[in-house]
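When reading the values below, keep in mind they use all heavy atoms of this one structure, side chains included, and skip hydrogens, waters and symmetry mates. When a ligand or atom number is given, it counts from 1 through the structure's own listing order.
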Amino acid sequence: MTGLHVAIIMDGNGRWARSQGKPRWRGHVEGVESVRRIVRAAPDLGVSVLTLYAFSADNWKRPRMEVGRLFWLLKRYCVSERNELISRGVRVTAIGRRDRIPTPALHALQQLERETASGTKLHLRLAIDYSARAEVARATRELGQRVRAGELAPEQMTEELLTQAVTGGVPMPDLLIRTAGERRLSDFLLWELAYTELYFAQTHWPDFRRDDLATALADFRARERRFGGIVEEEEREWAVGA
Ligand code: FPP
């Protein structure tokens with residue numbers, strides 16, 4: 001898989017619903033439709049890893065009814081999309097904590113992970129009960145235990161090792177998209193986003209379509225990524241002392 005890694009903060013479901021005079025949960029229902037469409041469109045647009053922020057560790061603060069609906073939708077998605085995801089070569093995995101996910105949703109998710117494990121066209125990563133800070137803390141604990149076990153010296157706790165422990169080897173996101181106008185990261189992929197390009201769309205997630213993804217990707221492709229370096233032309237200028 002050599003395509004791009006795109007991460008999306010799917011925001012604006014509630015505002016979309018309110019703007020239509022509907023209850024908030026209807027926004028989440030439409031949000032799942034957007035997930036279906038974007039998953040379908042992503043491989044054709046050159047995306048090989050798609051990481052979606054489906055439920056943050058802070059989302060537990062929402063009313064119980066809303067939380068219940070979100071996990072019900074997740075379970076329904078895992079069951080109803082199974083065949084389509086398999087036939088499209090999509091591999092689904094989840095990132096985040098698993099111990100607080102309601103059992104029916106957790107079982108459906110684990111089953112989907114198993115059944116899509118051989119997909120090679122797109123790696124769909126669902127961030128569920130996710131907190132980037134908690135992930136870095138977890139990875140640090142894991143390495144700390146290896147130090148205590150004598151497998152690793154403290155000096156060997158390098159940036160690369162921590163990156164491996166945080167990401168499991170998945171490449172860093174090339175592009176982060178956040179919908180619905182807010183410009184913050186909300187504890188999403190903080191370690192991984194160091195050099196990721198950011199794109200903020202005004203569109204609410206339920207209205208986000210293939211064309212919106214294509215527009216974001218075109219914007220990304222027109223950018224020059226320097227990773228802290230300088231562009232080649234400037235490098236040549238330095239070389240000839242111009
Ligand atoms: C943000 O909108 C969205 C969420 C907190 C949940 C995102 C979940 C889905 C799109 C559906 C579940 C996903 C899968 C993969 C089945 P918000 O409610 O914060 O919107 P607001 O800021 O307008 O209130």
Side-chain angles (χ1 to χ4, degrees), residues 6-42 47 49-86 88 90-98 100-102 104-113 115-116 119 122-132 176-189 200-210 212-213:
V6 174
I8 307 183
I9 301 178
M10 309 181 287
D11 197 10
N13 292 351
R15 275 164 282 171
W16 179 89
R18 262 202 307 279
S19 74
Q20 310 257 325
K22 292 177 178 158
R24 287 181 58 82
W25 64 269
R26 287 293 304 278
H28 298 315
V29 171
E30 286 307 313
V32 176
E33 291 308 306
S34 278
V35 170
R36 289 160 48 105
R37 284 190 293 264
I38 294 306
V39 166
R40 233 179 243 184
V47 176
V49 183
L50 181 65
T51 303
L52 301 179
Y53 207 0
F55 191 88
S56 87
D58 285 325
N59 287 153
W60 292 109
K61 295 175 193 155
R62 295 191 177 207
R64 269 182 56 160
M65 281 276 286
E66 183 170 345
V67 170
R69 293 265 181 178
L70 280 167
F71 282 106
W72 182 82
L73 284 171
L74 173 68
K75 178 186 167 230
R76 194 182 65 166
Y77 177 84
C78 291
V79 174
S80 68
E81 290 305 293
R82 174 192 172 273
N83 290 347
E84 157 129 7
L85 291 167
I86 292 172
R88 289 180 180 271
V90 179
R91 173 160 79 101
V92 181
T93 61
I95 54 171
R97 278 177 70 163
R98 293 185 180 220
R100 300 189 290 192
I101 299 179
L106 180 63
H107 285 170
L109 183 63
Q110 287 171 328
Q111 187 168 349
L112 188 65
E113 285 182 318
E115 292 180 343
T116 61
L122 177 71
H123 182 184
L124 172 62
R125 301 198 314 153
L126 300 177
I128 298 164
D129 196 0
Y130 179 88
S131 150
L176 170 84
I177 299 171
R178 181 168 187 146
T179 60
E182 311 291 348
R183 292 167 181 241
R184 54 176 173 261
L185 298 178
S186 302
D187 202 10
F188 190 43
L189 304 174
F200 299 101
Q202 291 304 316
T203 319
H204 293 151
W205 178 249
D207 285 331
F208 197 83
R209 298 285 185 276
R210 179 198 168 95
D212 297 296
L213 179 60

Can you tell me which residue and heavy atom of the protein come closest to [atom], and the distance to 0.1 Å?
atom: atom 9 (C) of ligand 1; result: Asn13 ND2, 3.9 Å
atom: atom 19 (O) of ligand 1; result: Arg62 NH2, 2.7 Å
atom: atom 1 (C) of ligand 1; result: Met10 O, 3.2 Å
atom: atom 12 (C) of ligand 1; result: Val32 CG2, 4.0 Å

Looking at [X], which atoms of ligand 1 are within less than 4.0 Å of one of its heavy atoms?
X: Tyr77; value: 16 (C)
X: Arg24; value: 17 (P), 18 (O), 24 (O)
X: Gly14; value: 17 (P), 18 (O), 20 (O), 21 (P), 23 (O), 24 (O)
X: Leu126; value: 15 (C)
X: Asn59; value: 5 (C)

Using a 4.0 Å heavy-atom cut-off, say whether Leu52 meets ligand 1 through its side chain, its backbone, both or neither. neither
Value for OG1 (Thr179) from CG (Asp207), rounded to nearest 0.5 Å, stands at 9.5 Å
Side chain to side chain donor-acceptor pair (under 3.5 Å) involving Arg69 - partner list, sequence neighbours excluded: none
Would you say Ala54 contacts ligand 1, with heavy atoms under 4.0 Å as the rule? yes
Classify the angle between the aromatic ring planes of Phe71 and Phe55 as parallel (below 30°), tilted (30 to 60°) or perpendicular (above 60°). tilted
Indicate the atoms forming the closest heavy-atom contact of Leu74 with Leu126, along with that distance. CD1-CD1, 4.2 Å
How close do Val49 and Val47 get, counting heavy atoms only, and between which atoms? O-CG1, 3.3 Å
Sub-4.5 Å side-chain heavy-atom contact between His107 and Lys75: no
Arg18 N/O to ligand 1 N/O under 3.5 Å: no
Distance-only criterion, 3.5 Å: show the donor-acceptor pairs between side-chain atoms of residues 30-38 and protein atoms not counting sequence neighbours.
unit_1, atom_1, unit_2, atom_2, d
Glu33, OE1, Arg36, NE, 3.3
Ser34, OG, Arg37, NH2, 3.1
Ser34, OG, Trp205, O, 2.7
Ser34, OG, Pro206, O, 3.3
Ser34, OG, Phe208, O, 3.4
Arg36, NH1, Glu81, OE2, 2.5
Arg37, NH2, Pro206, O, 3.4

